[in-house]
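Before any comments, here is the structure.
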Amino acid sequence: AQSVTQLDSHVSVSEGTPVLLRCNYSSSYSPSLFWYVQHPNKGLQLLLKYTSAATLVKGINGFEAEFKKSETSFHLTKPSAHMSDAAEYFCVVSDTPTGGFKTIFGAGTRLFVKA
Amino acid sequence: GAGVSQSPSNKVTEKGKDVELRCDPISGHTALYWYRQSLGQGLEFLIYFQGNSAPDKSGLPSDRFSAERTGGSVSTLTIQRTQQEDSAVYLCASSLAPSSQPQHFGDGTRLSIL
């Protein structure tokens with residue numbers, strides 16, 4: 001069975017400091033993994049995706065994530081937070097089990113950025 | 001436009017009324033998804049279309065909810081006899097193909113049931 005766990009419901013950082021948003025997953029197959037960002041009153045926007053190529057994935061706006069199979073983790077990082085990064089972030093796992101389709105969204109992590 | 005378009009952006013209606021929410025996906029995207037996002041919560045998967053067929057309807061919360069897609073393009077999500085617990089943001093997304101493709105989201109329809 002698939003599942004996604006975002007380990008922190010809220011993360012608060014100061015502008016200019018590193019960001020770490022944690023995500024653990026479980027999957028019976030070879031999953032595709034994604035991070036999405038949602039700004040207030042907007043839909044979700046793709047930040048980056050992992051689909052069994054390079055384990056370190058670079059996304060938009062300076063974000064990156066590393067797929068660690070041994071730890072079943074896909075944590076999102078950014079070296080230096082900007083005020084505009086304040087938003088809700090969702091970790092997503094997607095499988096292609098034989099004959100089926102399933103996408104699971106994590107519960108989300110709200111990122112606060114302090115001036 | 002080039003993105004996923006949802007209408008209306010906001011809908012306020014009385015309990016017991018029926019509502020229709022519309023999603024216009026990105027041209028050429030065969031997969032279309034509906035999600036519900038309640039206040040302060042993550043996304044709840046409702047239904048997924050591949051072309052005009054819906055292989056996975058497991059997320060529809062009750063038989064008051066239905067969805068259709070015609071011509072492999074526009075989809076409508078219908079909620080009959082609305083209840084206050086139906087109040088949420090309904091998000092639509094589309095992708096070139098299911099699962100391994102990223103999904104492109106619309107801005108959602110904010111539904112409020114009085």
Side-chain angles (χ1 to χ4, degrees), chain A residues 1-10 21 23 25 27-53 57 59-60 63 65 67 87-110, chain B residues 1-10 21 23-26 29-51 53-59 88-112:
Chain A
Q2 293 181 81
S3 68
V4 178
T5 304
Q6 292 186 239
L7 298 166
D8 307 291
S9 60
H10 299 85
L21 305 183
C23 173
Y25 72 94
S27 173
S28 302
Y29 304 90
S30 297
S32 297
L33 295 161
F34 308 83
W35 275 98
Y36 286 85
V37 61
Q38 185 180 31
H39 291 275
N41 300 313
K42 290 291 185 182
L44 280 70
Q45 179 187 15
L46 180 70
L47 277 179
L48 51 80
K49 64 175 180 175
Y50 166 79
T51 54
S52 73
V57 182
I60 62 172
F63 284 93
F67 174 71
E88 186 98 20
Y89 291 80
F90 294 94
C91 181
V92 180
V93 61
S94 184
D95 277 358
T96 50
T98 301
F101 155 82
K102 202 69 175 178
T103 291
I104 303 292
F105 282 74
T109 297
R110 182 163 294 278
Chain B
V4 176
S5 177
Q6 290 187 247
S7 61
S9 54
N10 285 281
L21 312 181
C23 174
D24 200 343
I26 292 173
H29 281 193
T30 60
L32 185 148
Y33 317 80
W34 283 100
Y35 297 91
R36 180 168 68 177
Q37 187 175 31
S38 301
L39 186 64
Q41 301 198 10
L43 268 69
E44 175 188 7
F45 169 80
L46 297 179
I47 190 170
Y48 141 71
F49 287 92
Q50 176 62 23
S53 65
D56 189 350
K57 301 181 182 179
S58 61
V89 175
Y90 290 82
L91 290 166
C92 174
S94 70
S95 66
L96 280 170
S99 195
S100 65
Q101 297 294 328
Q103 298 177 24
H104 300 262
F105 283 80
D107 287 344
T109 293
R110 183 174 299 277
L111 177 63
S112 299

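Chain letters run A, B, ... following the sequence lines, proteins first, then strands; residues in each count from 1.
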- Message: Heavy-atom cut-off 4.5 Å, strictly under: side chain, backbone, both or neither for A/Leu46 against chain B?
- Response: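 Only the side chain of A/Leu46 comes within 4.5 Å of chain B.
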
- Listed partners of A/Gln45 passing side-chain contact (heavy atoms from CB on, under 4.5 Å), at least two apart: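 Counting only residues at least two positions away or on another chain, A/Gln45 forms a side-chain contact (heavy atoms from CB on, under 4.5 Å) with A/Val37, A/Ile60.
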
- Task: Only counting residues at least two apart or in another chain, list the ones meeting salt bridge (charged side-chain N to carboxylate O under 4.0 Å, His left out) with B/Lys57.
- Result: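 Once residues adjacent in sequence are excluded, B/Lys57 has no partner under the salt bridge (charged side-chain N to carboxylate O under 4.0 Å, His left out) criterion.
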
- Item | Smallest separation among heavy atoms of B/Gln103 and A/Phe105, with atom names |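 Reported closest heavy-atom pair: OE1-CZ, 4.4 Å.
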
- Query: Less than 4.5 Å apart, any side-chain heavy atom of A/Gln38 and any of B/Phe105?
  - Reply: no

- Would you mind reporting whether A/Asn41 and B/Arg110 have side-chain heavy atoms less than 4.5 Å apart? yes

- Item | Structural part of B/Gln50 lying under 4.5 Å from a heavy atom of chain A |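 Neither the backbone nor the side chain of B/Gln50 comes within 4.5 Å of chain A.
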
